[in-house]
Amino acid sequence: MRDTTVRPASETHEAQEPSRLQALGTRWLGAGLAAALAVATLALAATGRLTLYISPETVWFAVAAAIATLIGVVWSCALPLGAEQEHGHDHGDAGADHDHADVHAHPRPARRVIGVVAGATGGVIATGVVAGALLLPPASLSVDMAMQRAPMGNVLFAGADNVALGANTDTSTFGIGGWASVFATGSRPEKYDGSSVTLTGFLTPSGSAKDQAHLTRMVISHCVLDAQPASVPVQITGWQGQYAVGDWIQVKGTVRASADGKLSIVPASVSKIPEPKDPYEH
């Protein structure tokens, strides 16, 4: 026979009320992780290292979003603990309503275990990601990644922002990304023959050419996810005996066009330098 006993509202409410541990976990997965990421973003922006992840043009947006997130976190902390899970519950006095609530207040053990395990697993993963962002020092994209995205011998720059070349194009401000586009798409190589350059990048092999290396730089349009390598050929006799793949160097020299119209850089000086504070071009 079905139990039609009408339970007091206080009893049903106690059954529905989440435990303190569940409430703390819910708040950590929401407001806690959001606050941690916001603090990490502001710290990176304050130290000038946020550009290791996004382009300088979008730093202001990331900072504004982090500040808005912290304001939201402060507001959410003003709510009573557990209010997130109680939102939307109906605490009417009708017996049928209490029976329905009582059924949902006590889910089947197997379903409850699965829910707890899934929630705990997601929480651990999310916490690990945030902890890594807070504790691990930011690092630039590796040389190996650049070589994977641009195999040896490939000097073409596949970035989204192509350099507009014209009769009066000023190449004095070009970085490796700009010159890589010129080398790949310039229809009049003789126009650039004799141009002076000062470029900074890291060394990568240039196929089978022993006296030629690629000067490479990762170019970011918006964030590191769209980073693409750009490289230009540099004539350095016996460079393998002087430098290692991945060494950062500064090259001052001249652009020269070969008889078959191929452009390369003939250096007047090559200096080994430490990795720049901002290793990307934007």
Side-chain angles (χ1 to χ4, degrees), residues 51-52 55-57 140-236 239 243 245-273 275-276 278-282:
T51 52
L52 291 175
S55 67
E57 291 78 8
S140 59
L141 296 177
S142 67
V143 176
D144 290 337
M145 181 175 292
M147 293 174 63
Q148 289 172 3
R149 295 189 181 184
M152 291 187 298
N154 182 10
V155 300
L156 302 182
F157 174 41
D161 303 322
N162 293 324
V163 176
L165 301 178
N168 298 316
T169 300
D170 180 13
T171 60
S172 62
T173 60
F174 279 10
I176 292 179
W179 277 112
S181 290
V182 169
F183 282 25
T185 62
S187 58
R188 296 176 55 194
E190 69 279 1
K191 175 178 178 288
Y192 306 101
D193 186 75
S195 299
S196 298
V197 296
T198 299
L199 299 174
T200 298
F202 55 86
L203 287 168
T204 55
S206 180
S208 58
K210 295 182 179 180
D211 294 331
Q212 179 176 283
H214 278 170
L215 189 62
T216 306
R217 196 92 179 244
M218 299 297 286
V219 181
I220 290 180
S221 297
H222 302 98
C223 68
V224 292
L225 295 179
D226 62 33
Q228 293 290 335
S231 58
V232 291
V234 181
Q235 305 298 329
I236 306 177
W239 69 272
Y243 309 100
V245 172
D247 280 352
W248 281 85
I249 62 172
Q250 184 180 73
V251 173
K252 295 181 179 181
T254 306
V255 176
R256 292 300 182 190
S258 63
D260 58 0
K262 292 182 179 180
L263 294 170
S264 64
I265 296 174
V266 177
S269 66
V270 178
S271 305
K272 187 175 180 180
I273 62 171
E275 179 178 312
D278 185 359
Y280 307 124
E281 288 186 359
H282 303 276

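For this chain, numbers begin at 1 and follow the sequence in order.
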Any idea which heavy atoms bring [X] and [Y] closest together, and the distance?
X: I176; Y: L199; answer: N-CD2, 4.0 Å
X: A257; Y: P189; answer: CB-O, 4.2 Å
X: W239; Y: Q212; answer: NE1-O, 3.3 Å
X: F202; Y: R217; answer: CE2-CA, 4.2 Å
X: G177; Y: E281; answer: N-OE1, 2.9 Å
X: P267; Y: Q235; answer: CD-O, 3.0 Å

>> side-chain contact (heavy atoms from CB on, under 4.5 Å), that's the test. Do I265 and V251 meet it? Break it down for me.
In response: CA-CA 9 Å; I265 296 174; V251 173; 4.1 Å; yes
To the nearest 0.5 angstrom, please state how far the [atom1] atom of [X] sits from the [atom2] atom of [Y].
X: I236; Y: I249; atom1: CD1; atom2: CD1; answer: 4.5 Å
X: D193; Y: L263; atom1: CG; atom2: CG; answer: 7.5 Å
X: E275; Y: D247; atom1: CD; atom2: CG; answer: 11.5 Å
X: Q250; Y: T200; atom1: CD; atom2: OG1; answer: 4.0 Å
X: S195; Y: W179; atom1: OG; atom2: CH2; answer: 4.0 Å

Can you find a pair of side-chain heavy atoms, one from [X] and one from [Y], that are under 4.5 Å apart?
X: H214; Y: P233; answer: yes
X: V197; Y: F174; answer: no
X: V270; Y: V234; answer: no

